[in-house]
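These values consider heavy atoms only, across backbone and side chains, with no hydrogens, waters or symmetry-generated copies. None of the values given here were measured: they were computed from a predicted structure. Proteins get letters first, then strands, A, B, ... in listed order; numbering begins at 1 in each.
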Number of protein chains: 2
Amino acid sequence: MPKRRTLPYILLGLIHSNQQMTGYQMMQEFKHEISDFWTASHSQIYPELQRMADDGWIRPLALGKKVASKRNQTYYQVTTTGEQVLTEWLETPLTANDDELFPLKLFFIDDQNSKLLPPLISRQLELSTERRNYLRHRMTTVFPNQTAIQAHYGHYLTLSRGIERESNYVSWLKKLDAEMKR
Amino acid sequence: MPKRRTLPYILLGLIHSNQQMTGYQMMQEFKHEISDFWTASHSQIYPELQRMADDGWIRPLALGKKVASKRNQTYYQVTTTGEQVLTEWLETPLTANDDELFPLKLFFIDDQNSKLLPPLISRQLELSTERRNYLRHRMTTVFPNQTAIQAHYGHYLTLSRGIERESNYVSWLKKLDAEMKR
DNA sequence: CCGTACATGTAATGTGTTACATGATTTA
DNA sequence: TAAATCATGTAACACATTACATGTACGG
């Protein structure tokens, strides 16, 4: 579900990771790499880029500086202000509602040794563990016996799946968290 | 990400599963049971219920028929038309874009022996397998060597996680699909 | 030369969140 | 009797999708 003002941070992260990018290239990234956790169409991207440029987060590149600049493309680069904004966003700890921003933030941390990585992962491990425990608790209260399961079998299956999914997430995060500490 | 006109089907499914419900009760369900795959606030629910009643999908219950009717609550019940609409929605096969409707539709199939269950599950198994294969393919093309991984470590991790998540999903669906066929 | 992909932009519409508003009932 | 919860509703605003619109570059 779309959280407020996430798109500009994604665009900022994309440009930052790739040094310089056009709106069209960002569109492609959304299709191929980011589709798993976010979507955006070109009609969202282009106006947003203009707003970000107005706010000084990014700057359009002069023609001479462009890498293979043909046609009417506009390459953007992150400004110093933009870098600060991005870092602040990445540093902001996840909350229970924020949760789905994890893969997004993770996506934009390029350096394996970044100091942003360990706290991000351990925080998500906390949140996923909490959620798994909550789902387990729901299972015992909503489906205490076989009769309850038979009355709402689909609901039972979705809850089972939720527990399975979150357990798998916790395992993966634990492994990664342990690796980080080595 | 919010798909067009999903909320009314969820409300329809909720009322249908529980025989009769008030808007407030639906709100609670969103908080406790459905939060994992959908959210809706009361300011969305109440107008939507009125629209659905106007369209003849549901009908407000007369006071006398209400179970423990106090206060100014309005209980709704699914009409015959509404039942048809719900069944049609549940029968509509999932597509690659629709994908995230799976847990939602599953949630509303109460009967373990429903004929809707096997095709829904086997279709989702197809889609998840496709997605897992796609992600695996991305991994080999985007990260062919250690250097590529080091340049965009976060991206590498999110892709790894995607493959892990989807593999886990496929396993779960395969198990369920096999059970269905017994 | 025709279709597809590149490349950008705006407008209309649909959907969702937050804020504003009111009043009844229950519990401490 | 005050606070929390129940219960419903509307309005303003933020965000996303679809449609409309234009033009370039390239491959068959």
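The side chain to side chain donor-acceptor pair (under 3.5 Å) search around A:D99 returns A:Q124, A:R131, not counting sequence neighbours. Under the side chain to side chain contact (heavy atoms under 4.5 Å, CB included) criterion, A:N145 pairs with A:T147, A:A148, not counting sequence neighbours. Residues meeting the side chain to side chain contact (heavy atoms under 4.5 Å, CB included) test with A:D55, sequence neighbours left out: A:W57. Annotation: ring pair (Phe, Tyr, Trp, His ring centres under 6.0 Å) contacts of B:F143 (sequence neighbours excluded): B:H155, B:Y156. With sequence neighbours left out, the side chain to side chain contact (heavy atoms under 4.5 Å, CB included) criterion links B:Q44 to B:L7, B:A40, B:S41.
Rounded to an integer number of Å, the gap from B:Y46 OH to C:dG23 C1' is 13 Å. Between A:L11 atom CG and D:dA16 atom P the separation is 11 Å, expressed in whole Å. Distance, B:N97 CG to D:dT17 P: 11 Å, rounded to whole Å. Between the CE atom of A:M26 and the P atom of C:dC6 there is a distance of 16 Å, rounded to whole Å. Summarising the geometry, the separation between CE on B:M27 and C1' on D:dG9 is reported as 13 Å, rounded to the nearest angstrom. The separation between A:Q73 atom CD and C:dA5 atom P is 18 Å, rounded to whole Å. When rounded to the nearest whole Å, the span between CG of B:N72 and C1' of C:dG23 equals 8 Å. Taking atom CE on B:M21 and atom C1' on D:dC6, their separation rounds to 15 Å, with Å as the unit.
Across the helix from C:dC1-D:dG28 to C:dA28-D:dT1, the helix axis at one end is tilted relative to the axis at the other end by 30° (nearest 10 degrees, each axis from five pairs).
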Enumerate all atom pairs, one protein N or O and one N or O from nucleotides 20-22 of chain D, separated by less than 3.5 Å.
none

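For a distance-only test at 3.5 Å, the side chain of B:S43 qualifies as a donor-acceptor partner of the base of C:dT18.
Nearest-nucleotide positions on DNA chain D place B:K31 closer to the 5' end than the other of B:Y76 and B:K31. Nearer the 5' end of DNA chain D, as judged by each residue's closest nucleotide, is the contact made by B:P47, out of A:A40 and B:P47.
At the phosphate of C:dG14, neither OP1 nor OP2 sits under 4.0 Å from any side-chain N or O atom of B:R5. Close to D:dC6, at under 4.0 Å from its OP1 or OP2, lies a side-chain N or O of B:Y24. Proximity of B:Q44 to the phosphate of C:dT17: a side-chain N or O atom is located under 4.0 Å from OP1 or OP2. The phosphate of D:dG9 has OP1 or OP2 within less than 4.0 Å of a side-chain N or O from B:Q50.
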Using atom types as modelled, flag every donor-acceptor pair under 3.5 Å from a side chain in residues 163-172 of chain A to any protein atom, sequence neighbours excluded.
residue: A:E164; atom: OE2; partner: B:N168; partner atom: ND2; Å: 3.0
residue: A:R165; atom: NH2; partner: B:D36; partner atom: OD2; Å: 2.2
residue: A:E166; atom: OE2; partner: A:S128; partner atom: OG; Å: 3.3
residue: A:S167; atom: OG; partner: A:I163; partner atom: O; Å: 2.7
residue: A:N168; atom: OD1; partner: B:R161; partner atom: NH1; Å: 2.9
residue: A:N168; atom: OD1; partner: B:R161; partner atom: NH2; Å: 3.4
residue: A:N168; atom: ND2; partner: B:E164; partner atom: OE2; Å: 2.9
residue: A:S171; atom: OG; partner: A:S167; partner atom: O; Å: 3.0

Please list, one pair per line, the donor and acceptor atoms closer than 3.5 Å that link side chains of residues 111-121 of chain B to other protein atoms, with sequence neighbours excluded.
residue: B:D111; atom: OD1; partner: B:N113; partner atom: N; Å: 2.9
residue: B:S114; atom: OG; partner: B:L116; partner atom: N; Å: 3.1

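With A:Q25 contributing its side chain and A:T22 its backbone, the two residues share a donor-acceptor pair below 3.5 Å. A donor-acceptor contact shorter than 3.5 Å links the side chain of A:R123 to the backbone of A:L94.
When heavy atoms are screened at a 4.0 angstrom cut-off, B:Q25 is found touching no nucleic acid atom at all.
Checking D:dC6, D:dA16, C:dT17 against every side-chain atom of B:S41, the shortest atom distance belongs to C:dT17.
Judged by distance alone, the side chains of B:D177 and B:S122 never bring a donor and an acceptor atom under 3.5 Å apart.
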